[in-house]
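Residues take their numbers from the sequence shown, with the count starting at 1. Remember, it's 1-based here, ligands and their atoms both numbered in the order they're listed.
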Amino acid sequence: MSLLKPKLSQEVADALANGGAIVALESTIITHGMPYPANLETALSVEAVVRENGAVPATIAVIDGELRVGLERDELENLAQAKGVVKASGRDLAVAMVRGQTAGTTVSATMLLAELTGIEIFATGGVGGVHRGAEQTFDISADLTELGRTKTAVVCAGVKSILDIAKTLEYLETQRVPVIAYGTEDFPAFFTRQSGYKADHRLDTAEEIASAMHFHHQLGTGTGLLIANPIPEEAALTPDFIDGTIADAVREADERGIGRKELTPFLLARINELSKGESLKANIELVRNNARLAAKMAVAYAALKKG
Ligand code: PSU
Ligand code: MN
């Protein structure tokens, strides 16, 4: 059976045809990860950062049932304000298509659509992982299993401590996903530069990471890579400030019985409210920082592939 081809923006189609540098971007961060208008401003600013660093941005979403790779400005504006948008992980895409729904794509769905399109590098804020209490709830994000079967390099700022970071790293090890920290030994915790856990590997330049990607795929591993890029020092929050806020949000979710796919969006929104917008500011800076690294990797990777 032949595979579907998503609808591409003109600049993404051109870049693909010419072997140019492309960075995929997810859209659940727009539809379920940040409030309006910060979500729109962030999406536009992240695309601009990708362009400034020599690559073409490809924001991925489902619009009225159509798989889309690369959105126009008015489409981003609509998506950022749309009500009743679905949060789609990879498994939800087919039903969204049948029902003509508009959906923000999670890291898992975005990886899948990026691979279908032929885009190998993807920037986001944080990936999903193993939730705290997963030994009871079994709540493990499909982002992790997707990383275990889709050949995309995902640049993130580590994972938030809304998750069980130790178990998330164990799960990635089981899935044969290399975790590479950029310029540090530490695996970062999204708002902070250290999580208390080490990453498996450290590489110090975008070119080295692109080479590692290249070898990883040439080995036929079939898995993705997780690139952990710590939040810039000046934007980082202190653990004293953010850890209590996260603990409060996690407790509240538990008391209110919030689980399954609603859990992560609830926690993100609550942390933003409880931190009076401080977490949102940090979130915006770290996504921009990840887009910068991803674009540099994409430029280096495109050059490697041209040989
Ligand atoms: N973590 C964040 N910001 C986000 C998400 C996670 O700090 O926006 C979003 C991403 O789209 C991610 C998804 O792929 O949540 C994971 O959802 P779940 O935990 O339900 O798998
Ligand atoms: Mn889940």
Side-chain angles (χ1 to χ4, degrees), residues 24-36 38-40 42-43 46 59-62 79-80 85-93 103-114 122-148 150 152 154-165 167-168 171-172 188-192 195 224 226 228-231 237 242 245-246 249-250 253-254 258-272 275 279-291:
L25 300 163
E26 60 141 318
S27 50
T28 294
I29 190 172
I30 303 174
T31 58
H32 294 77
M34 289 184 184
Y36 180 82
N39 60 350
L40 176 61
T42 305
V46 165
T59 300
I60 295 182
V62 184
L79 195 63
V85 179
V86 174
K87 171 186 165 191
S89 82
R91 69 176 193 153
D92 304 311
L93 292 170
T105 50
T106 65
V107 169
S108 106
T110 307
M111 286 182 78
L112 190 151
L113 293 174
F122 164 16
T124 184
V127 293
V130 180
H131 277 273
R132 294 190 195 177
E135 57 276 27
Q136 257 88 47
T137 62
F138 272 45
D139 192 343
I140 299 173
S141 176
D143 294 354
L144 299 187
T145 44
E146 201 68 52
L147 277 160
T150 304
T152 314
V154 180
V155 181
C156 69
V159 299
K160 287 199 177 82
S161 58
I162 59 172
L163 301 170
D164 185 321
I165 298 179
K167 287 195 182 69
T168 301
Y171 201 89
L172 288 163
F190 200 86
F191 296 124
T192 54
S195 62
L226 192 67
N229 184 25
I231 183 171
L237 303 179
I242 199 66
T245 302
I246 290 174
V250 170
D254 194 39
I258 293 166
R260 305 196 64 188
K261 71 193 285 185
E262 281 77 43
L263 180 58
T264 297
F266 173 85
L267 292 172
L268 299 180
R270 255 338 249 151
I271 291 166
N272 181 34
S275 75
S279 69
L280 184 59
K281 268 198 278 177
N283 199 345
I284 294 169
E285 282 315 309
L286 68 84
V287 185
R288 285 167 48 84
N289 190 48
N290 294 344

Identify the protein heavy atom lying closest to [atom], giving its residue, its atom name and the separation to 0.1 Å.
| atom | answer |
| --- | --- |
| atom 16 (C) of ligand 1 | Asp143 OD2, 3.7 Å |
| atom 9 (C) of ligand 1 | Thr28 CG2, 4.2 Å |
| atom 11 (O) of ligand 1 | Glu26 OE1, 2.7 Å |
| atom 1 (N) of ligand 1 | Gly126 O, 3.6 Å |
| atom 19 (O) of ligand 1 | Thr264 OG1, 2.7 Å |

Practice prompt. Specify which N/O/S atom of Asp139 comes nearest to the Mn ion (ligand 2), by atom name.
Written response: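 That would be atom OD1.
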For [atom], tell me which residue out of [options] has the closest non-hydrogen atom.
| atom | options | value |
| --- | --- | --- |
| atom 21 (O) of ligand 1 | Ala88, Ala157, Ser141, Ala142 | Ser141 |
| atom 20 (O) of ligand 1 | Met34, Lys87, Lys261 | Lys87 |
| atom 2 (C) of ligand 1 | Glu262, Lys160, Glu146, Arg260 | Lys160 |

Worksheet item: Would you say the side-chain atoms of Ser27 pair up with the backbone N or O of Ile60, donor to acceptor, closer than 3.5 Å?
Response: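 A pair under 3.5 Å: yes.
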Worksheet item: Where the side chain of Ser108 meets the backbone of Gly90, is there a donor-acceptor pair that is under 3.5 Å apart?
Response: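 Yes, because the side chain of Ser108 sits within donor-acceptor range (under 3.5 Å) of the backbone of Gly90.
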Worksheet item: How does Leu268 reach ligand 1, by side chain, by backbone, by both or by neither, if only non-hydrogen atoms under 4.0 Å count?
Response: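 For Leu268, only side-chain atoms sit under 4.0 Å from ligand 1.
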Worksheet entry | Numbered atoms and elements of ligand 1 in range of His131, under 4.0 angstrom, heavy atoms |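 Matching atoms, with element in brackets: 19 (O).
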Discussion item. Please list, in number order, the atoms of ligand 1 under 4.0 Å from a heavy atom of Phe190.
Written reply: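 Those atoms are 7 (O).
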Discussion item. Regarding Asp139 and Arg132, does a basic nitrogen lie under 4.0 Å from an acidic carboxylate oxygen?
Written reply: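 Salt bridge: no.
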Fill in: Side-chain ion pair, Glu135 and Lys167, N-O less than 4.0 Å
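Looking at Glu135 and Lys167, the cut-off is met.
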Worksheet item: Does any N or O atom in Val107 lie less than 3.5 angstrom from one in ligand 1, N or O only?
Response: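 Yes, Val107 has an N/O under 3.5 Å of an N/O on ligand 1.
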Practice prompt. Start with the C-alpha gap between Thr124 and Asn290, add the side-chain angles, then the distance that decides, and say whether side-chain contact (heavy atoms from CB on, under 4.5 Å) holds.
Written response: CA-CA 7 Å; Thr124 184; Asn290 294 344; 5.9 Å; no
Discussion item. Within the structure provided, determine whether Ile231 and Thr192 are in side-chain contact (heavy-atom separation under 4.5 Å).
Written reply: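 Side chain of Ile231 against side chain of Thr192, heavy atoms only: no contact under 4.5 Å found.
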Practice prompt. With Phe122 as reference, evaluate Leu25, Leu113, Val107 under the side-chain contact (heavy atoms from CB on, under 4.5 Å) test and give the passing residue.
Written response: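 It is Val107, the one option of Leu25, Leu113, Val107 that forms the side-chain contact (heavy atoms from CB on, under 4.5 Å) with Phe122.
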Discussion item. Please identify which of these residues, Ile246, Ile258, Asn272, Val250, meets the side-chain contact (heavy atoms from CB on, under 4.5 Å) condition with Leu267.
Written reply: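 With Leu267 as partner, side-chain contact (heavy atoms from CB on, under 4.5 Å) holds for just one option, Val250.
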Worksheet item: Should Thr110 and Thr105 be marked as a side chain to side chain donor-acceptor pair (under 3.5 Å) after you check the CA-CA gap, both sets of side-chain angles, and the distance that decides it?
Response: CA-CA 6 Å; Thr110 307; Thr105 50; 2.9 Å; yes
